[in-house]
Each structure stands twice: as C-alpha cells, then as structure tokens.
Amino acid sequence: MEPKVLDSFAAAFCVLGALHLKPPSSSVVKEFLSQSSQWPLPLTPQGEAALKELRSSLPNNPSEEDVYALWADQNQLYGITGAAQLSPYESVQRGEDGLVFDQETIEVRRYYGAMGFEAPHLGSEPDDHIGLEMDFLSKCLLKAADDFAAGQEEQAKQSLGVARQFCGEHLLSWGPDFFAEGAKLAVTPWLRGICILSVQALSQWQQALIDAGYQLDIAPRQRQSTLEDSSGVVPLELTRRPH
C-alpha cells in the first residue's frame, strides 16, 4: 500500500477521532469549514451531501450559540455529562454485560501497548472510546507510511499488521454500525455529517485492505466475554492472502 494512501487515511482518521472525542470549539469549526473542500478521501454521493449540508448549516464565523448547539447534540448522543443515547465505548456496545472497562477495554489497551502508545487518562477513562480507536488507527497508518517512505519495509508491515488485526477484532466490528446509528440520532448536520464521513472512511479503509490483498477477518459485533480473549501478547505479523 502506497505511503500517500496511508497518509490520506491517517489524516482522515485523525480528524474524525478528535471530533468524536469531544465537541468542537469555535476555532475547530472554523478550521474544519475552511479545509472541508480538501477532505483527504474520495467522497461518496452521501458523503458529499452530508458535507454540503454541514457547511450550509454553519456560518464561517460561528457564534457561541452555534457552537453550543453542537456541544448539546454531542453531549446528548454520547452522554458527556449524563446518560448517553449511544455510548461511544466499545465494551458497552459489544460486551455481554454492556459495561465500561470490560473485556474490550483491556484488549484495546493491549493493542496500544503493542505500538508503544498509551491512551490519555489511563485508568480513569476507558481506552475503547470510538474517537481513541480511530486516533490509534491513524497513528498506526502514519507510522507505516513513514517507515515505507524511509525504506523500512519490515517495520512498516509490522505497523500495518497491527492496524489490520485491530480493525478486524475491534474497530470494524462495531464502528460502522455505531456511526450509522449515530447519523440517525444526531440532531445537527454537524454531528450527522461527521458520523456519515466516519462510516465512509471505515468502509473505504476496509476495501483498501481487501484490494491490496490483505486478509481481513471481522469479528462479530456481539460476543460473550471470555477470560482468554483478554490475555496474552498481541501478534504483530501481517497476514496476506496468497496470490
């Protein structure tokens, strides 16, 4: 996979991850609007329409009321200060008991550790927030792109291998359905558009892996907890389909 392609996906997941982690400030909204015409990935008709609606719903210089509406929408959906309509944590979405800091949180933490990363607020906030998972994927792809560009192919393949396995076991297992539901529940064109762009980015990344010949096994969204799943070392090899 070309470094330029990896860079484009890394940029998209970095932006989307940050926007899902917390509601945007006025400066973030202005920066996003000014650069939205340069979205790093190709846009589907649905993505183009969502982005167009997002742009038309906000002035270039949003007021405090405009920004508050975005905060209120994300607060209601993700439960920043109260109960969530749609919990942004993988363990709640996939775990048998629907609890935070469950099996999925531990597994995601292991993947972070395999790449030498650590989630912010370790131990006090769950590691498996949808925004953190997208940011982690971005970091993996950026490192792979840098290593490929530097001629360090084995290191690049290792980072890409971690990204592939992480997506199959975690992000692609629950992320697309999560964002599709978020797009339905969102009140503002802003959050709805961000969710639609996120669905699109994950779908494009999945297809990019398949087109490049990489094996991708996606775990079922709902599963029963087992102690064995959350122990051991994350394997770092990259499996590729035979030609």
Side-chain angles (χ1 to χ4, degrees), residues 1-21 24 28-52 54-55 108 111-112 114-117 119 130-173 175-176 179 193-218 234-243:
M1 202 175 293
E2 294 294 326
K4 184 178 180 180
V5 173
L6 294 173
D7 277 333
S8 294
F9 278 110
F13 288 126
C14 180
V15 171
L16 293 169
L19 293 176
H20 286 296
L21 276 170
V28 169
V29 172
K30 286 190 287 187
E31 182 177 6
F32 184 89
L33 292 174
S34 67
Q35 298 184 8
S36 61
S37 61
Q38 303 173 32
W39 186 247
L41 300 176
L43 288 166
T44 63
Q46 185 183 21
E48 183 66 54
L51 199 52
K52 182 178 180 180
L54 186 159
R55 293 191 197 105
V108 167
Y111 271 98
Y112 293 172
M115 291 294 293
F117 303 142
I130 189 69
L132 288 178
E133 293 196 9
M134 296 186 89
D135 183 69
F136 173 68
L137 176 57
S138 172
K139 286 182 168 63
C140 289
L141 300 184
L142 187 59
K143 186 176 187 308
D146 289 344
D147 288 340
F148 273 129
Q152 299 174 327
E153 187 170 339
E154 289 306 312
Q155 292 184 34
K157 287 182 177 179
Q158 188 177 72
S159 297
L160 196 50
V162 172
R164 177 193 61 80
Q165 289 177 232
F166 175 76
C167 287
E169 293 180 17
H170 295 282
L171 189 54
L172 286 175
S173 177
F179 289 128
I194 298 304
C195 285
I196 290 172
L197 289 176
S198 298
V199 172
Q200 176 183 282
L202 288 178
S203 176
Q204 289 172 316
W205 171 239
Q206 180 177 342
Q207 191 60 50
L209 284 171
I210 294 171
D211 290 345
Y214 296 114
Q215 180 176 319
L216 185 62
D217 298 318
I218 301 178
V234 173
L236 303 182
E237 72 278 3
L238 177 63
T239 303
R240 194 164 189 176
R241 295 197 308 270
H243 293 287

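Within the 3.5 Å criterion, the main-chain N or O of Leu216 finds no donor-acceptor partner in the side chain of Arg164. With hydrogens and angles disregarded, no donor-acceptor distance shorter than 3.5 Å links the side chain of Ser203 to the backbone of Gln200. No side-chain donor-acceptor contact under 3.5 Å links Gln46 to the backbone of Ile196. The backbone N or O of Glu169 sits nowhere less than 3.5 Å from a side-chain atom of Ser173 that would complete a donor-acceptor pair.
Ion pair Glu153/Lys157 flagged as a salt bridge, since at least one NZ, NE, NH1 or NH2 atom sits closer than 4.0 Å to an Asp/Glu carboxylate oxygen.
Residues passing the side-chain contact (heavy atoms from CB on, under 4.5 Å) test with Val199 are Phe179, sequence neighbours excluded. Taking the side-chain contact (heavy atoms from CB on, under 4.5 Å) definition, one finds that Ala156 meets it with Asp147, Phe148, sequence neighbours left out.
Between Phe117 and Phe136, the ring planes are perpendicular. Angles over 60° get that label, and only those under 30° would be called parallel.
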Verify side chain to side chain contact (heavy atoms under 4.5 Å, CB included) between Leu43 and Leu197, making sure each step is shown before the conclusion. CA-CA 8 Å; Leu43 288 166; Leu197 289 176; 3.7 Å; yes
Can you check side chain to side chain contact (heavy atoms under 4.5 Å, CB included) on Cys14 and Lys139, steps first, answer last? CA-CA 8 Å; Cys14 180; Lys139 286 182 168 63; over 6 Å; no
Might you work through the side chain to side chain contact (heavy atoms under 4.5 Å, CB included) test for Cys140 and Met115, ending with a clear yes or no? CA-CA 8 Å; Cys140 289; Met115 291 294 293; 3.8 Å; yes
Does the pair Leu142 and Leu6 meet the rule for a side chain to side chain contact (heavy atoms under 4.5 Å, CB included), with working shown? CA-CA 7 Å; Leu142 187 59; Leu6 294 173; over 6 Å; no
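Going from atom CG of Leu171 over to atom CH2 of Trp205 covers 11.0 Å, rounded to the nearest 0.5 Å. Expressed to the nearest 0.5 Å, how far CD1 of Ile130 lies from CG of Asp135 amounts to 12.0 Å. One distance of note links SG of Cys167 with CG of Leu172; it measures 4.5 Å at 0.5 Å rounding. Separation of atoms OG (Ser159) and CD (Glu154) is listed at 11.5 Å; rounding is to 0.5 Å. Distance check, rounded to the nearest 0.5 Å: CD of Gln204 to CG of Leu209 gives 12.5 Å. Note that CZ of Phe13 is 7.0 Å distant from CG of Leu141, once rounded to the nearest 0.5 Å.
What you find for Val28 and Leu19 is that their closest heavy atoms are CG1-CD2, 3.8 Å. The nearest pair of heavy atoms linking Leu137 to Ala163 is CD1-CB, 3.8 Å. For the pair Pro40 and Ala11, the tightest heavy-atom approach, listed with the atom from each and the gap, is CG-CB, 4.2 Å. Minimum interatomic distance between Ala201 and Phe9 (heavy atoms only, all atoms of both residues): O-CE2, 3.9 Å. When every heavy atom of Ser198 is checked against every heavy atom of His20, the shortest pair comes out as OG-NE2, 2.8 Å.
At most 12 non-hydrogen atoms from other residues, nucleotides or ligands lie less than 6.0 angstrom from CD of Glu2.
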